[in-house]
Amino acid sequence: MSVAGPQPTVQLPSVSTPLQNYSKDKKVGEGTYAVVYLGKQITTKRNIAIKEIKTGLFKDGLDMSAIREVKYLQELKHPNVIELVDVFSTTNNLNLVLEFLPCDLEMLIKDKSIVFKSSDIKSWLLMTLRGVHHCHRNFILHRDLKPNNLLIAPDGHLKLADFGLARSLGNPNENLSSNVVTRWYRAPELLFGSRHYTGAIDIWSVGIIFAELMLRIPYLPGKDDVDQIDVTFRALGTPTEQIWPNVSSLPMYNALHVYPPPSRQELRQRFSAATEKALDLLILMTQLDPKSKTN
Ligand code: ADP
């Protein structure tokens with residue numbers, strides 16, 4: 001295992017790696033720090049996505065996302081993790097060549113003309129968990145799991161994408177940032193400002209995605225960070241010292257409105273199509289105390 005500090009290092013290919021290996025055809029998306037193009041690998045005629053990052057525009061933090069994405073995708077080769085095919089640089093840009101995946105889970109959830117069978121949900125969940133397991137066994141946390149970062153290949157394979165917030169778990173005493181994961185998918189320990197956390201934060205996100213796949217609407221859509229705490233605990237009960245020892249010592253824990261935990265019957269009503277086994281799994285993934293989720 002490589003124990004990375006806060007500044008991951010990455011081997012970039014030389015500037016001479018040629019753009020002529022790829023065609024850059026049309027723009028298909030724009031992210032926080034990159035423009036994404038559909039292209040082709042000239043030799044194989046394979047469709048690829050070129051994520052073009054403008055290095056000249058780097059301000060604090062943005063360059064780290066690109067470095068993280070390259071570093072972790074180079075380390076993580078797995079059928080359920082997006083493939084980084086190549087990296088090359090041109091004068092002002094860093095280009096990530098990724099496999100082209102035209103669809104994501106958010107698009108599918110929002111398209112109400114598509115009926116989800118329980119086998120679809122099981123399969124997406126299993127592929128997500130296989131990808132997450134691969135990250136965790138390589139001591140890497142994804143830290144931004146959400147439906148639009150779960151991309152779907154034309155053959156139906158689901159792949160984890162967007163490793164711009166990922167990081168490796170090294171020294172357990174090292175402080176980590178609690179300002180990670182898109183709000184609706186953020187685990188309770190992060191909402192309370194914990195600086196020492198584990199893969200349990202990714203499992204929480206997967207649990208909330210699982211709920212969203214069943215409901216077809218976001219499960220815990222907080223309007224802002226304060227509201228997220230309220231929405232989360234209204235749905236799942238307010239953590240107490242009894243169910244989560246030492247919770248009150250977390251930096252941003254304060255006297256909260258105390259909501260009771262939902263009864264099994266309430267959860268059955270909320271997830272009316274879920275089987276008892278699906279509910280068991282959902283309950284396990286959304287345990288408030290992160291220690292109850294560690295393997
Ligand atoms: P964000 O900053 O929103 O996380 P990205 O920078 O990773 O997003 O990508 C921006 C958009 O480009 C995505 O929303 C998606 O539409 C498209 N995109 C990104 N990666 C791929 C890919 N590998 N294949 C196809 N489209 C992609």
Side-chain angles (χ1 to χ4, degrees), residues 1 3-4 6 8 61 64-65 68-69 71-72 75-76 80-81 105 125 127-150 160-213 218-222 225-229 231-233 235-239 243-253 281-295:
M1 170 199 169
V3 179
M64 280 304 293
S65 304
R68 286 193 158 125
E69 187 145 25
K71 175 185 160 65
Y72 297 124
E75 284 182 34
L76 292 170
N80 300 115
V81 174
L105 217 49
L125 193 61
M127 290 188 280
T128 304
L129 287 169
R130 283 185 174 146
V132 172
H133 179 235
H134 185 67
C135 297
H136 290 184
R137 74 175 166 220
N138 285 285
F139 305 97
I140 293 169
L141 303 185
H142 184 283
R143 304 200 303 179
D144 200 15
L145 293 170
K146 56 181 173 178
N148 94 325
N149 283 340
L150 302 177
L160 271 50
D162 201 347
F163 280 71
L165 274 180
R167 72 159 293 167
S168 53
L169 279 179
N171 178 350
N173 296 321
E174 201 167 35
N175 278 338
L176 305 171
S177 166
S178 61
N179 190 21
V180 290
V181 187
T182 302
R183 190 190 307 123
W184 298 351
Y185 306 92
R186 203 176 287 157
E189 60 270 36
L190 297 174
L191 297 176
F192 287 146
S194 173
R195 306 292 306 270
H196 300 280
Y197 48 82
T198 64
I201 63 154
D202 285 335
I203 297 298
W204 174 276
S205 304
V206 179
I208 304 306
I209 295 166
F210 180 27
E212 187 168 335
L213 285 167
Y219 185 31
L220 305 174
D225 290 357
V226 175
D227 189 47
Q228 189 63 42
I229 292 183
V231 167
T232 303
F233 300 138
L236 294 162
T238 305
I243 62 154
W244 181 351
N246 295 325
V247 63
S248 57
S249 63
L250 289 174
M252 279 145 74
Y253 180 91
L281 181 58
L282 181 66
I283 290 168
L284 280 174
M285 288 177 144
T286 55
Q287 291 290 304
L288 298 173
D289 179 358
K291 287 188 291 303
S292 56
K293 285 198 285 291
T294 36
N295 304 321

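Positions are given from 1 along the sequence.
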| Does the side chain of P290 reach to within under 4.5 Å of the side chain of Y197, using non-hydrogen atoms? | no
| query | Looking only at heavy atoms, what is the nearest atom pair of I209 and L145, with distance? | reply | CD1-C, 3.9 Å
| query | Say you draw a straight line from CD1 of I203 to CZ of F210; how long is it, rounded to the nearest 0.5 Å? | reply | 12.5 Å
| field | Non-hydrogen atoms of I140 and A166 that approach each other most closely | value | CG2-CB, 4.3 Å
| query | What distance separates I283 CD1 from Q287 CD, expressed to the nearest 0.5 Å? | reply | 8.0 Å
| request: Measure the spacing between OG1 of T128 and CG of L150 and express it to the nearest 0.5 Å. | output: 4.5 Å
| Heavy-atom pair with the smallest gap, counting every atom of V231 and P221 | CG1-N, 4.0 Å
| At what distance, to the nearest 0.5 angstrom, does CG of L160 lie from CG of N149? | 8.5 Å
| note | Those residues at least two apart in sequence (or on a different chain) that pass ring-ring contact (aromatic ring centres under 6.0 Å, His included) with F233 are F192
| query | Closest approach of L288 and W244, non-hydrogen atoms and distance? | reply | O-CZ3, 3.3 Å
| note | For Y185, the ring-ring contact (aromatic ring centres under 6.0 Å, His included) test, sequence neighbours excluded, returns none
| Is the side chain of D202 donor-acceptor paired with the backbone N or O of R143 at a distance under 3.5 Å, no angle test? | yes
| query | Distance-only, no hydrogens or angles: does the E174 side chain make a donor-acceptor pair with backbone N or O of H196 under 3.5 Å? | reply | no
| remark: residues 177-200 vs salt bridge (charged side-chain N to carboxylate O under 4.0 Å, His left out), sequence neighbours excluded, gives R183-D225, R186-D225
| request: Give the minimum heavy-atom separation between G193 and P251, together with the two atoms involved. | output: O-CG, 3.3 Å
| query | Going through the distances and angles, do L220 and L236 end up as a side chain to side chain contact (heavy atoms under 4.5 Å, CB included)? | reply | CA-CA 10 Å; L220 305 174; L236 294 162; 4.3 Å; yes
| query | For L105 and L213, what are the C-alpha separation, side-chain angles and deciding distance, and is it a side chain to side chain contact (heavy atoms under 4.5 Å, CB included)? | reply | CA-CA 9 Å; L105 217 49; L213 285 167; 4.1 Å; yes
| query | Do S177 side-chain atoms and N179 backbone N/O form a donor-acceptor pair below 3.5 Å? | reply | yes
| task | Look up atom CE in M285 and atom OG in S292, then write down how far apart they are to the nearest 0.5 Å. | result | 12.5 Å
| request: State, to 0.1 Å, how close L76 and H134 come at their nearest heavy-atom pair, and which atoms those are. | output: CD2-CD2, 3.6 Å
| said: Could you check whether atom CG of N175 has more than 12 heavy atoms from other residues, nucleotides or ligands sitting under 6.0 Å from it? | reply: yes
| task | Mind running side chain to side chain contact (heavy atoms under 4.5 Å, CB included) on Q228 and L190 for me, showing each step along the way? | result | CA-CA 11 Å; Q228 189 63 42; L190 297 174; over 6 Å; no
| Rounded to the nearest 0.5 Å, how far apart are OG of S178 and CE of M252? | 6.0 Å
| message | Checking F163 against H142 for the side chain to side chain contact (heavy atoms under 4.5 Å, CB included) test, could you report, in this order, the C-alpha distance in whole Å, the side-chain angles of both residues, the deciding distance, and whether it holds? | response | CA-CA 6 Å; F163 280 71; H142 184 283; 3.7 Å; yes
| query | Under 6.0 Å from the CH2 atom of W184, do we count more than 12 heavy atoms belonging to anything else shown? | reply | no
| said: When you compare the side chain of K146 with that of S205, does any pair of heavy atoms fall below 4.5 Å? | reply: no
